2 protein chains.
Amino acid sequence: MVFSTTTQYALKILAYLNENKEGLSNAKTLSRELDIPYKYLTKIMTKFTKNEMIESIQGRYGGFKLINSKIITIYDILKLCDGDRAKDCIIEKIECDEKKKCHYHDAWQKPKESIKKDFLNTNVKGFISKES
Amino acid sequence: MVFSTTTQYALKILAYLNENKEGLSNAKTLSRELDIPYKYLTKIMTKFTKNEMIESIQGRYGGFKLINSKIITIYDILKLCDGDRAKDCIIEKIECDEKKKCHYHDAWQKPKESIKKDFLNTNVKGFISKES
DNA sequence: TTCAAATACTACTTTTTGGTAGTAATTAAA
DNA sequence: TTTAATTACTACCAAAAAGTAGTATTTGAA
């Protein structure tokens, strides 16, 4: 799919943590189970933790777990993992806002909104649930 | 947005060509009007041409134009510009098909389909039209 | 038939992303 | 209070994507 490798890793990780809501998951296990390079994974985890998307417990017997109260959408992950690329306008990268629209701003509005809605509406923590 | 720089360029280019259906648009003009590096643009154009998404006229007074009979979706562009990343499963990169599903294959089916549908349904050549 | 302006091709450079290595800091159990 | 297992930090390396340079080929008009 369109998602960057980092974003795909993030989606996997959050899904896994969601399946293990009760306990902690440590980096070693996540790396093995999800087939993500250990060192790269810990880097991602630290970023998540700093952005308060997950909680980390340091030291021996430590690990990671979801913050249960939080809803995390695909859009949130894109913003975190892909940085500048997750800008608002589908066409222009930087210099495009309501005041100074790019040439195709309005024309793209509809398909753009449709795609964005999917991203905004997909609660990553919920997608794995068996309901519905 | 999520799209790679190359994909964003591609979307711009096709939109421009669609506005100039009658005549030819040459690389110099496209580069200037759409703010895409000239050399990088010509590289993309050649790729498009080879994949028969647009038609090129070589030599002096040459240029590019859309092949009017063809429908081009965002999905088509993703496949062309992002190559392997535009694979089917949202989670696994390579080794995931109906026979050997990845762990989250089914769970992701719904949000995945929803996003993909948008891509498949967005005819790039049409999006700029004033109708509707 | 020459020439200027266009696309096509080949190779290289720069920037960004993905991945690795080593060490420091933290923590709870023994 | 020591120690082993964990996360956090810093710096580097490799691969991929984006961008550049130079040349060859094509073409229609003068």
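Bear in mind that the values here come from a model prediction, so they are computed numbers and not experimental data. The sequence lines fix the lettering, A, B, ..., with proteins before strands; numbering per chain opens at 1.
Distance A:R60 CZ to D:dT6 C1': 9 Å, rounded to the nearest Å. In this entry the distance linking CG of A:L34 with P of C:dG18 reads 17 Å, nearest Å. Rounded to whole Å, atom C1' of D:dG19 lies 16 Å from atom CD of B:Q8. If you take CZ of A:F64 and C1' of C:dT27, they are 14 Å apart, rounded to a whole angstrom. Counting to the nearest Å, the P atom of C:dA5 and the OH atom of B:Y61 are 8 Å from each other. The nearest whole Å value for the distance from the CD1 atom in B:I57 to the P atom in D:dA29 is 13 Å. D:dA8 atom P lies 11 Å from atom CD of A:E55, rounded to whole Å. In this structure, OH of B:Y38 is placed 13 Å from C1' of D:dT23, rounded to the nearest angstrom.
Helix-axis bend for the helix from C:dT1-D:dA30 to C:dA30-D:dT1: the local axis fitted to the five terminal pairs at one end deviates from that at the other end by 0°, rounded to 10°.
Of the possible donor and acceptor atoms, none in the side chain of B:K65 sits under 3.5 Å from a partner among the backbone N and O of B:E55. At distances below 3.5 Å, at least one donor-acceptor pair connects side-chain atoms of B:S31 with backbone N or O atoms of B:I36. Without hydrogens or angle criteria, B:Q8 side chain to B:F3 main chain gives a donor-acceptor distance under 3.5 Å. Proximity of a side-chain donor or acceptor of A:D76 to a complementary backbone N or O of A:T73 within less than 3.5 Å is detected. The backbone N or O of B:K28 lies less than 3.5 Å from a partner atom in the side chain of B:N26, making a donor-acceptor pair.
Across all non-hydrogen atoms, the minimal contact from B:K70 to B:E52 is NZ-O, 2.8 Å.
In this model, the phosphate group of D:dA17 is not approached by any side-chain N or O of B:S4 to a distance below 4.0 Å at OP1 or OP2. Between A:T6 and C:dG18 there is a side-chain N or O to OP1 or OP2 distance below 4.0 Å. Listed pair A:Y9 / C:dG19 meets the phosphate criterion, a side-chain N or O lying under 4.0 Å from OP1 or OP2.
Contacts between residues 40-54 of chain B and DNA chain D, defined by a heavy-atom separation below 4.0 Å, involve B:Y40, B:K43, listed by number. For DNA chain C, the neighbouring residues in residues 24-32 of chain B, judged by any heavy atom under 4.0 Å, are B:N26, B:A27.
With a 4.5 Å cut-off between side-chain heavy atoms of Ile, Leu, Val, Met, Phe, Trp and Tyr, the cluster of A:L24 takes in A:I57.
Checking C:dA8, C:dG19, C:dG22 against every side-chain atom of A:K39, the shortest atom distance belongs to C:dG22. Among the nucleotides C:dT20, D:dG19, C:dT7, the one closest to the side chain of B:T5 is D:dG19.
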Side-chain atoms of residues 38-50 of chain B: list all donor-acceptor pairs with protein atoms under 3.5 Å, sequence neighbours left out, distances to 0.1 Å.
| residue | atom | partner | partner atom | Å |
| --- | --- | --- | --- | --- |
| B:Y40 | OH | B:T6 | OG1 | 2.8 |
| B:T42 | OG1 | B:K39 | O | 2.9 |
| B:T46 | OG1 | B:T42 | O | 2.9 |
| B:T49 | OG1 | B:M45 | O | 2.8 |

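For the pair B:L17 and B:I13, the minimum side-chain heavy-atom distance is below 4.5 Å. By the 4.5 Å heavy-atom criterion applied to side chains, B:I54 and B:L14 are counted as neighbours.
The OH atom of A:Y9 sits 15.0 Å away from atom CD1 of A:I77, with the distance rounded to the nearest 0.5 Å.
Of the residues near DNA chain C, A:P37 and A:G59, the one whose nearest nucleotide (by heavy atom distance) lies more toward the 5' end is A:P37.
Evaluation of the side chain to side chain donor-acceptor pair (under 3.5 Å) rule for A:T7 yields A:S4, A:D82 as partners, not counting sequence neighbours.
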